[in-house]
There are 2 protein chains.
Amino acid sequence: MAIELDAPAAEIWGLLRTLFGQHRRRFLGAASELDLHPAQAGALLQLDSPLPMRHLAALLGCDNSNVTGLVDRLEVRGLVTRQASDEDRRVKNIVLTDAGRRLREKLLDRVGRPASGLARLEALEQIQLRDLLRKVLEEASEPPAG
Amino acid sequence: MAIELDAPAAEIWGLLRTLFGQHRRRFLGAASELDLHPAQAGALLQLDSPLPMRHLAALLGCDNSNVTGLVDRLEVRGLVTRQASDEDRRVKNIVLTDAGRRLREKLLDRVGRPASGLARLEALEQIQLRDLLRKVLEEASEPPAG
DNA sequence: TATTGTTATACTCTATAACTATA
DNA sequence: TATAGTTATAGAGTATAACAATA
């Protein structure tokens, strides 16, 4: 049996990938139940506040041209509207409608809350886990996604 | 300011979602560089050993019929082959070719290894984190994904 | 009769390039 | 000249339903 110098890190990564998989299935399931394509659900989650098309495209990691069609379909369903910017008339801000906001809340109810497994940790353990993850992410400046 | 009874769990979930986002971007970037669609890259990662179509579909969370086309395209690129099962002639096992195995290794080099942030933890902290995650996932029987 | 994989269809996503209207 | 968003196009993903072969 070979000695695994890096065994804990490798197992941690495996455990995290399992968590990722659970989260992803939860996200896909929630989107499906709400009759949203994953990309549409991802866009809704990003729209905490109004965003220009190009900004939304950057957050979704795709080209501007993709966002045109995506927003078209959300707009047809009455979930978002395009608002011309006052400062720069080229820019259109995407704004959630009331219906869009309600749907976004439903999504958050399902994917924005902690995985059930966290409840198995006692209060002190949760604080330990929080501190360890903080340290892992210390330098990270990237925003949470999906 | 309202009292957050569940503050650590909520922050943990936020930190984990940040990690998910990093992992997802790394995954999408690696797939793109290797000229693979995300779904194709996900399939390759699942093919550690040969799998029947239906099993692959279940792991990818999509319908059998989708896997037909996906495997078609992987087969055209010489990354996988279909092997009829001996036990049940309805079943086709999807097997990586040598080229497929090499491409899968390249993928794993990029997404299968621990996030760099883990290196910020000392040995003892890694063991603590591992044990906490083990507990969180205690009952989970789901396999890791993508 | 039920299951495995395929085909057919329709809609969505995604990348690329060309276009417009602003700046 | 550069940028924000659109349009056009092509390839891929996805769900559904219908189908052939096998169990």
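Convention: sequence-line order gives letters A, B, ...; per-chain numbering from 1.
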Calculate the interatomic distance between [X] atom [atom1] and [N] atom [atom2]; express it in whole Å.
X	N	atom1	atom2	result
A:L74	C:dC13	CG	C1'	13 Å
A:R89	D:dA4	CZ	C1'	13 Å
B:L56	D:dT14	CG	C1'	15 Å
A:D86	D:dA4	CG	P	17 Å
A:R73	D:dT6	CZ	C1'	13 Å
A:L70	D:dT14	CG	P	15 Å
A:R24	D:dT14	CZ	C1'	12 Å
B:R77	D:dG11	CZ	P	15 Å

Would [X] and [Y] pass as an ion pair if we require N to O under 4.0 Å?
X	Y	result
A:D72	A:R82	yes
B:R77	B:D35	no
B:E11	A:R134	yes

Minimum heavy-atom separation for [X] and [Y], please, with both atom names.
X	Y	answer
A:L137	B:Q22	CD2-NE2, 3.5 Å
A:A119	A:Q126	CA-NE2, 4.5 Å
B:Q46	B:L56	CB-CD1, 3.9 Å

Flag yes if B:L79 and B:L60 sit in one hydrophobic cluster, no otherwise; membership is Ile, Leu, Val, Met, Phe, Trp, Tyr, and two members link when side-chain heavy atoms are under 4.5 Å apart.
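Yes; tracing contacts between hydrophobic side chains, which count when under 4.5 Å, links both residues.
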Transitive ILVMFWY side-chain link A:L70 to A:L28, under 4.5 Å:
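Per the 4.5 Å side-chain linkage, A:L70 and A:L28 are co-clustered.
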Given side chains that start at C-beta, do those of A:P50 and A:I94 come closer than 4.5 Å, heavy atoms only?
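Side chain of A:P50 against side chain of A:I94, heavy atoms only: no contact under 4.5 Å found.
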Expected rows: protein N/O vs nucleotides 5-9 of chain C N/O, under 3.5 Å:
| from | atom 1 | to | atom 2 | distance (Å) |
| --- | --- | --- | --- | --- |
| C:dG5 | OP1 | B:M53 | N | 3.3 |
| C:dG5 | OP1 | B:K92 | N | 2.9 |
| C:dG5 | OP1 | B:K92 | O | 3.3 |
| C:dG5 | OP2 | B:R54 | N | 2.7 |
| C:dT6 | OP1 | B:R82 | NE | 2.8 |
| C:dT6 | OP1 | B:R82 | NH2 | 3.3 |
| C:dT6 | OP1 | B:K92 | NZ | 3.2 |
| C:dT6 | OP2 | B:T68 | OG1 | 2.9 |

Could you check which residues of residues 32-40 of chain B get a heavy atom under 4.0 Å from DNA chain D? Sort them by number, please.
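The answer is B:H37, B:A39, B:Q40.
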